[in-house]
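Letters go in sequence order (proteins before strands), and every chain restarts at 1. Below, each value reflects all heavy atoms present in this structure, side chains not excepted, and no hydrogens, waters or symmetry copies.
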Amino acid sequence: MNIVVCVKQVPEVTDAELTISSDGSRILADDLEMDINEWDNYAVETAVRLKEAHGGTVTAVTMGDEDSEDVLRQALAMGADEAILIDDEDFEGSDAVGIARGLHAAIKDRPFDLLLAGVQSADNGWGQVGLVLAELLQRPYASLVVDVQVDGDRLTVQRELESNTLERVSLPLPAVLTIQSGANTPRYVSILGIRRVRNIDIEETDADDLGLDEDQIGVKSSSVQELKLSLPAMGEGAEMLTGSVEEICDQTARIIREKGGLQ
Amino acid sequence: MKEILVIAEHRQNELRDITFEMLTLADRTAGGNYTISTVLLGGDTTGLDGKLSGMCDRLIVMNDPALADYSADAYLAVLSRLITDRKPSITLIGHTAMGMDLGPALAVRTGIPYASDCIALELDDGQLNVERQIYGGKINTHLKLKPADTYLAGIRPGNVEPMSAGDKSTQLLDVAAPEFSEGQRRQFIEYIEAAMEDVDIAAADILVSVGRGIGKPENIPVAESFAQKIGATLSCSRPVADEGWLPKSRQVGTSGKTVRPKVYIALGISGAYQHQAGMKNAQTIIAVNTDPAAPIFNVAHYGIVGNVMAVLPELEKHF
């Protein structure tokens with residue numbers, strides 16, 4: 001089974017303090033660490049496990065600047081065989097469709113049985129690129145996938161719905177799936193593992209090579225234009241408990257006892 | 001009059017909350033200047049029609065056995081036709097397991113601008129402006145969509161307090177679904193209720209809930225010991241379940257369980273909206289987090305800025 005998996009490098013913001021410039025035009029943050037998008041990591045793991053079970057190859061593809069090579073090296077270290085980097089500033093300001101057009105052009109002539117992507121990216125969170133790709137490729141798809149079983153020329157997958165419920169669907173190959181976080185336990189990649197794949201050639205391409213122009217990608221083609229940024233409105237907010245750890249715990253314990261009906 | 005179209009969502013014969021949230025948002029966005037229509041696709045929607053009565057001006061119902069359970073191909077075929085024919089000013093779809101699955105392909109197939117996961121909408125002289133969150137809810141972005149005569153907007157669930165009844169005079173249109181038997185590739189098989197592994201967190205009076213801020217799986221027993229001491233049940237947020245530190249059955253939130261305990265103690269949980277949706281109705285919420293800007297403090301009643309592992313052992317001594 002030949003698999004293409006789309007990955008993206010994103011800034012790690014879980015513990016970062018983000019603010020915005022006074023005119024609301026940009027985010028201010030120092031030295032954010034870049035990492036593979038969490039959902040994509042699960043997608044790579046899914047791809048590599050399917051390859052291990054059914055044979056074939058895994059090709060990782062990303063769009064980004066030269067630093068994005070890091071996420072491709074990570075995918076290679078996890079078990080991908082080939083990697084493609086789409087590096088062109090003409091893609092800057094693309095909406096989900098523009099990004100999907102770039103990915104589509106880079107992989108459409110490559111024979112594959114399955115295309116995987118993460119459900120969404122941790123930065124913009126549109127949750128669209130993988131499924132736009134499915135429609136561009138005119139392939140059947142399923143999103144929010146947490147389990148994949150191959151059954152001849154069909155897949156049976158489980159989709160995560162709301163309220164502790166899953167849905168089982170079946171679809172023919174070739175197909176497109178977007179993988180939900182928690183679908184598996186992605187393997188750990190060591191520095192040594194990255195070093196082992198440092199000599200694998202990464203195929204580089206750009207908008208020209210792919211035959212895409214500004215009517216199809218970048219700011220001009222985008223269906224959305226950012227007007228401004230703001231910080232999320234705070235609600236009424238919590239009563240903050242302050243003092244020494246001892247004092248705080250004393251107050252907290254009293255609240256738990258009283259509100260929880262404890263003796 | 002121009003139209004706002006809401007795609008109703010239902011599962012296992014029950015309308016989902018998002019349907020009422022979208023109708024409320026549609027009503028607010030319309031401000032009396034737009035007709036509000038709902039499209040309800042299903043196998044036999046007899047029991048559902050009535051619940052939407054009064055909440056929209058027009059209820060378009062299409063029944064076909066192949067539409068009984070959500071199916072991407074069938075819904076895509078039927079809805080792309082409907083949107084192309086009616087050209088509503090905006091079509092609203094949930095940013096839910098159904099809407100996230102359907103929205104992107106629907107937008108490409110109809111060629112209309114689409115913004116997903118919106119928390120607010122505004123029609124500015126027919127042009128759509130939306131607000132949405134980026135970077136895990138730490139920043140809001142305000143976007144203008146390019147001029148178009150029809151838009152698709154995905155609406156974040158749990159973000160609007162839904163109306164429970166309406167006083168509109170609802171016209172019921174029972175329409176035959178267009179022919180869509182071709183191109184049906186994906187097949188629905190069944191729903192599966194996630195296995196209940198040990199305890200029912202929804203039944204607990206007090207929940208001690210751990211998030212990514214607990215740091216590492218070796219710290220889980222510290223929270224467990226505290227929970228035991230005060231007679232509470234241990235639950236968690238999505239990242240802890242994703243990492244496999246606690247079973248999925250312990251997860252609070254949209255895709256996990258909704259809980260309403262007397263006391264909810266959130267330890268190292270940042271408070272993504274999916275988590276808040278599952279716990280914001282707890283009677284008392286106490287949150288401990290190192291980040292004073294964490295969204296969890298917006299829904300908590302009491303907040304402590306600090307490291308869970310520094311606070312927890314000390315707190316346990318008080319019981």
Query - B/Tyr70 six-ring centre to A/Arg159 NZ/CZ under 6.0 Å and within 45° of normal - result: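 Verdict for B/Tyr70: no cation-pi partner in A/Arg159.
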What part of [X] lies closer than 4.5 angstrom to a heavy atom of chain B: side chain, backbone, both or neither?
{"X": "A/Pro186", "answer": "neither"}
{"X": "A/Ala142", "answer": "both"}
{"X": "A/Arg254", "answer": "neither"}
{"X": "A/Ser170", "answer": "both"}
{"X": "A/Leu144", "answer": "side chain"}
{"X": "A/Leu227", "answer": "both"}
{"X": "A/Ile27", "answer": "side chain"}
{"X": "A/Asp95", "answer": "neither"}
{"X": "A/Ala122", "answer": "backbone"}
{"X": "A/Val146", "answer": "neither"}
{"X": "A/Tyr42", "answer": "side chain"}

Is there side-chain contact between [X] and [Y], with heavy atoms separated by less than 4.5 Å?
{"X": "B/Arg212", "Y": "A/Thr14", "value": "yes"}
{"X": "B/Met100", "Y": "A/Val119", "value": "yes"}
{"X": "B/Tyr302", "Y": "A/Gln251", "value": "no"}
{"X": "A/Ser163", "Y": "B/Arg16", "value": "yes"}
{"X": "B/Leu143", "Y": "A/Gln225", "value": "no"}
{"X": "B/Lys144", "Y": "A/Val224", "value": "no"}
{"X": "B/Glu190", "Y": "A/Glu167", "value": "no"}
{"X": "A/Ser223", "Y": "B/Leu145", "value": "no"}

Distance, nearest 0.5 Å, that separates [atom1] of [X] from [atom2] of [Y]:
{"X": "B/Ser255", "Y": "A/Leu161", "atom1": "OG", "atom2": "CG", "result": "10.0 Å"}
{"X": "B/Lys317", "Y": "A/Asp250", "atom1": "NZ", "atom2": "CG", "result": "13.0 Å"}
{"X": "A/Tyr141", "Y": "B/Leu76", "atom1": "OH", "atom2": "CG", "result": "4.5 Å"}

Chain A contact via [X] - side chain, backbone, both or neither, heavy atoms under 4.5 Å:
{"X": "B/Glu131", "answer": "side chain"}
{"X": "B/Ala300", "answer": "both"}
{"X": "B/Ile304", "answer": "both"}
{"X": "B/Thr141", "answer": "both"}
{"X": "B/Asp73", "answer": "neither"}
{"X": "B/His318", "answer": "both"}
{"X": "B/Ala241", "answer": "neither"}
{"X": "B/Ile139", "answer": "both"}
{"X": "B/Gln283", "answer": "neither"}
{"X": "B/Tyr151", "answer": "neither"}
{"X": "B/Phe226", "answer": "side chain"}

Requested in this report: Determine, for A/Glu162 against B/Arg11, whether the closest basic-nitrogen to carboxylate-oxygen distance falls under 4.0 angstrom.
Outcome: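 Looking at B/Arg11 together with A/Glu162, the answer is yes, because their closest N to O distance falls below 4.0 Å.
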Query raised in the report: Less than 4.0 Å between a side-chain N and a carboxylate O, is that true for B/Lys248 and A/Glu160?
Result: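 A salt bridge is present here (some side-chain N lies under 4.0 Å from a carboxylate O).
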Requested in this report: Could you tell me which non-hydrogen atom of A/Gln128 sits nearest to which non-hydrogen atom of B/Ser116, and how far apart they are?
Outcome: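 Heavy-atom minimum between the residues: NE2-OG, 3.0 Å.
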Report task. Quick one: closest heavy-atom pair of B/Ala310 and A/Val245, and the distance? Result ->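 Scanning both residues, the minimum pair turns out to be O-CG1, 4.4 Å.
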Query raised in the report: Can B/His301 and A/Glu239 be said to form a side-chain contact (heavy atoms from CB on, under 4.5 Å), step by step?
Result: CA-CA 6 Å; B/His301 302 94; A/Glu239 178 188 328; over 6 Å; no
**Report entry** Heavy-atom pairs under 4.5 Å with chain A, option from B/Ala277, B/Ala72, B/Gly256, B/Pro113 with the top count
**Finding:**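 It is B/Gly256.
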**Report entry** Most contacts with chain A, counted as non-hydrogen pairs under 4.5 angstrom, among B/Ile265, B/Ile189, B/Thr254
**Finding:**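 Winner by heavy-atom pair count: B/Ile189.
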Query raised in the report: Counting distance only, does the side-chain N/O of B/Arg186 pair as donor-acceptor with the main-chain N or O of A/Pro172 below 3.5 Å?
Result: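 Not confirmed, B/Arg186 side chain does not pair with A/Pro172 backbone.
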Report task. Apply the test side-chain contact (heavy atoms from CB on, under 4.5 Å) to residues B/Asp242 and A/Glu38: give CA-CA distance (whole Å), side-chain angles for both, the deciding distance (0.1 Å), then the verdict. Result -> CA-CA 11 Å; B/Asp242 278 356; A/Glu38 187 185 344; 4.2 Å; yes
Requested in this report: Could you walk me through whether B/Ile230 and A/Leu262 pass the side-chain contact (heavy atoms from CB on, under 4.5 Å) test, one step at a time?
Outcome: CA-CA 8 Å; B/Ile230 67 169; A/Leu262 301 180; 4.2 Å; yes
Requested in this report: Could you point out which residue of B/Val208, B/Ile286, B/Thr284 forms a side chain to side chain contact (heavy atoms under 4.5 Å, CB included) with A/Ile256?
Outcome: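 Running side chain to side chain contact (heavy atoms under 4.5 Å, CB included) over B/Val208, B/Ile286, B/Thr284 with A/Ile256 returns exactly one hit, B/Ile286.
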